[in-house]
There are 2 protein chains.
Amino acid sequence: MSNDSKRTTIRDIAEVLNLSVSTVSRALQGNSRISKETIDAVKRTAEKMDYYIHGPAAALRKGHGNNIGVVVPRVDRQFFSNIIGGIEEVLRTNGFNTFIYQTQESYENEKSGVQAMLNAGVEGLMISVSVETKDISHINRFSRSGRPVVFFDRCMDDSETCRVMIDDFAAAYKATEHLLANGCRKLVYFGGTQNLFMYRNRREGFEQALLDHGFAPGDIHVIDGMLTRKKGYDSFRELYEAKQIPDGLLAASDFSALGSILFMKEVGISVPDDVCVVGFANESFTEFMEPPLSSIEQFAGEMGKKTAEMMLRRFTGVQSAETIILNSELKIRKSSQRTIK
Amino acid sequence: MSNDSKRTTIRDIAEVLNLSVSTVSRALQGNSRISKETIDAVKRTAEKMDYYIHGPAAALRKGHGNNIGVVVPRVDRQFFSNIIGGIEEVLRTNGFNTFIYQTQESYENEKSGVQAMLNAGVEGLMISVSVETKDISHINRFSRSGRPVVFFDRCMDDSETCRVMIDDFAAAYKATEHLLANGCRKLVYFGGTQNLFMYRNRREGFEQALLDHGFAPGDIHVIDGMLTRKKGYDSFRELYEAKQIPDGLLAASDFSALGSILFMKEVGISVPDDVCVVGFANESFTEFMEPPLSSIEQFAGEMGKKTAEMMLRRFTGVQSAETIILNSELKIRKSSQRTIK
DNA sequence: TATTTTTGTGGAAACGTTTGCACAAACTTT
DNA sequence: AAAGTTTGTGCAAACGTTTCCACAAAAATA
């Protein structure tokens, strides 16, 4: 494979300058025991000789490197890419590189990815699990290596873990109240898979809001497993064909909300006049679709920062598991606003 | 930092089984000189002792690892994330990990990223440069290490490099002809920065199509530097305020097309009746915005695969620089279709 | 039976760094 | 001027692998 014959090592620099490798190594690190002149000379020749550090060797000797792994379901969701942006920002300023791996929502890929990170010797892992993930032994394996793991958004319901999450319950509760305030009386909730903590929280927020407003448990209509546009489309069609059309829809994902709206357009159901819709995640397309979709803004960039900061805290010795819950905000747009009949 | 005291090494396995480290190493690799029984025993105990390879050490000794770096402007563009998907797919099946780094369109970040990849010891680099990038000495530095570099999409105009690109010229040409066929006579092109090869190609495709259809060079209206939604919005407003409203718009980016359309909606210009619009990249939002936006589908997944395959070819000794041009397809939607007056 | 070949294993060096320890030379302090 | 301290540098071991070389035992050939 790659022919490394060209690589300049500190030994080469040492020979050129008639120094020992230890001095060169120290000089490159700016060690205070080394004289200014030597440091300058070393750095100049290093530059001249096109030297760059051999990370793996340094990592081997030091016992740790400066790469941190991030595993996400998919990077093409604005939500995740914004989180990644936040993570990268704080990690970069702390001297770490961020390595990203996407699982494409596959449990198998997730296992490979986590293992690859372990093998690659990253210092820590931040992960948002796939929808398929029920078992986290692959992640526990990573933990057993003594390196920190921080979950974000898609967390497991395990109090032993470090987590950064949204106030999913509160967000869903608030969105539900908003639908009620706009005159909806027959609400449906399109949820995610129940093995993920956050989706359970959202569902509970929806249910609790209805209960608190005098609805009977039997009036609460929930359909789970709805994360994609296609699922949203199909599920709403089923409601339509069963003549069970609601007048308010809360979707745990902007994409399933989108799918539903596309179906409604086809059959002439008006949003928001016939059905009010609220999504989750505030993907940027929500703003310019027709009608613009109300959604829960989750401040993904902020979440990324908090996640990275929690990771850095692990490095400095904090041991106890912590959970951070971040606020969200309901962005009200046309899809859920109407004059009450 | 991470306390590695818990790590199991091949030496530990060797002690437990009363074998030498060399035998254990070979057994783990399935070397044919080692007996079936030994291999089984080693693998079983490795599993039991929770052993996983120390990648950096192996990389150090072997002179190469199995990680490959991908540097992209941003992962939240569908286009790029689909490319990444394609890359990961072929790399994974060939035993490589993919490390992704996003530059956020910043030249400084790009430099850090490429350097980080070099330090991390990746075996090769696939890169799509930032809009700010004019100089590629940082990438040449990587090349000088003897490792292959493959550019994709955002390539430099340098015949020494390996590249995978879209037929940008043909795509823009085709889209322009489509606008003409729909009765547009006063066309404007919103282009990208001219330091990038691909944007020059697109622009030339637009210009050539007009020339070939009898337009004078003076009739060709081009505005460059338009990659974002905001820029598209602002630029169209300028045209509007200068009373220079075109009847056809080709945008080098779906986002600038979107911005323009949002502005037109505000001032009551109808798409496609007053202005036909075609974008580039076929981001998924194009399909469900109002009206649906015609765009150039670039088959990003395919592009990713080709890019990764080219990289693998480098490893097996192919030396000469090659350029692959991929086909694109014009997706015609409502934004550019009208009955000719 | 004597020789050669195959099979399975071990010893030890090497990959490029970092760092604890040692030590000479140059300064301070008495 | 003797003792102590600081400053700048070098030696050598270590990190966890892989792989060249060697070599004994067993099997195949003569």
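Residue numbers begin at 1 in each chain, while the letters A, B, ... track the order of the sequences. Note that the structure is predicted; figures quoted are calculated from it, not measured.
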What is the separation between atom CZ on B:Arg33 and atom P on D:dC21, rounded to the nearest whole Å?
13 Å
Quick test of your reading of the model: are A:Glu105 and A:Arg154 salt-bridged, counting only N-O distances below 4.0 Å?
yes
Expressed in angstrom and rounded to an integer, what is the separation of A:Leu19 atom CG from D:dC11 atom C1'?
14 Å
Any donor-acceptor pair under 3.5 Å between the side chain of A:Arg11 and the base of D:dG10?
no
In whole angstroms, the gap separating P of C:dG16 from CD1 of A:Ile13 amounts to 13 Å
Flag the pair A:Arg163 / A:Ile324 as yes when at least one side-chain heavy-atom distance between them is below 4.5 Å, and no otherwise.
no
By the 4.0 Å heavy-atom rule, please label B:Ser35 as base, sugar-phosphate, or nothing.
sugar-phosphate
I need the CG-P distance between B:Asn31 and D:dT18, as an integer number of Å.
11 Å
Proximity to the side chain of A:Arg26 - top-ranked nucleotide from C:dT17, C:dC21, D:dT17:
C:dC21
Among the nucleotides D:dT9, C:dG16, C:dT9, whichever has the atom closest to the side chain of B:Thr23 is C:dT9
Heavy atoms under 4.0 Å, any strand shown: does A:Asn18 hit a base, just sugar-phosphate, or nothing?
sugar-phosphate
Walk me through whether A:Glu110 and A:Thr133 qualify under side-chain hydrogen bond (donor to acceptor under 3.5 Å, both in side chains).
CA-CA 8 Å; A:Glu110 186 173 297; A:Thr133 304; 3.1 Å; yes
Five pairs per end, C1' atoms only: what is the angle between the end axes of the helix from C:dT1-D:dA30 to C:dT30-D:dA1, to 10 degrees?
40°
Could you tell me whether the phosphate oxygens of C:dT17, OP1 or OP2, come under 4.0 Å of any side-chain nitrogen or oxygen in A:Tyr52?
no
Report the nucleotide, chosen from D:dA12, C:dA12, D:dG16, that has the shortest atom-to-atom distance to any side-chain atom of A:Val21.
D:dA12
Between A:Phe79 and A:Phe299, does the ring centre distance come in under 6.0 Å?
no
Check the distance between D:dC15's P and B:Arg7's CZ and give it to me in whole angstrom.
13 Å
Is it the case that the base of D:dT17 and the side chain of B:Arg61 share a donor-acceptor contact (distance under 3.5 Å, atom types as modelled)?
no
Round to the nearest Å and state the distance from A:Leu28 atom CG to C:dG16 atom P.
15 Å
Counting only side-chain heavy atoms from C-beta out, which of D:dT17, D:dC15, C:dT18 sits nearest to A:Leu60?
D:dC15
Is the shortest side-chain N/O distance from B:Ser25 to OP1 or OP2 of D:dG16 below 4.0 Å?
no
A:Glu322 and A:Arg313 ion-paired at < 4.0 Å:
yes
If you compare every side-chain N and O of B:Ser20 against the phosphate oxygens of C:dG10 (OP1, OP2), does one of them come in below 4.0 Å?
yes
Side-chain N or O of A:Gln29 closer than 4.0 Å to phosphate OP1/OP2 of C:dT17:
no
Under the ring-ring contact (aromatic ring centres under 6.0 Å, His included) rule, what pairs show up with a residue in residues 113-154 of chain A, not counting sequence neighbours?
A:Tyr107-A:His138
Side-chain (A:Arg147) to main-chain (A:Val122) donor-acceptor, under 3.5 angstrom
yes
Nearest heavy atom decides the nucleotide; on that basis, is A:Val24 or A:Ala57 closer to the 5' end of DNA chain D?
A:Val24
Quickly work out the A:His54 NE2 to D:dG16 C1' distance and round it to whole Å.
13 Å
Say whether, by atom type as modelled, one donor and one acceptor occur between the side chain of B:Ser35 and the main chain of B:Thr38 under 3.5 angstrom.
yes
What is the distance from CG of B:Leu118 to C1' of C:dG16, rounded to the nearest Å?
14 Å
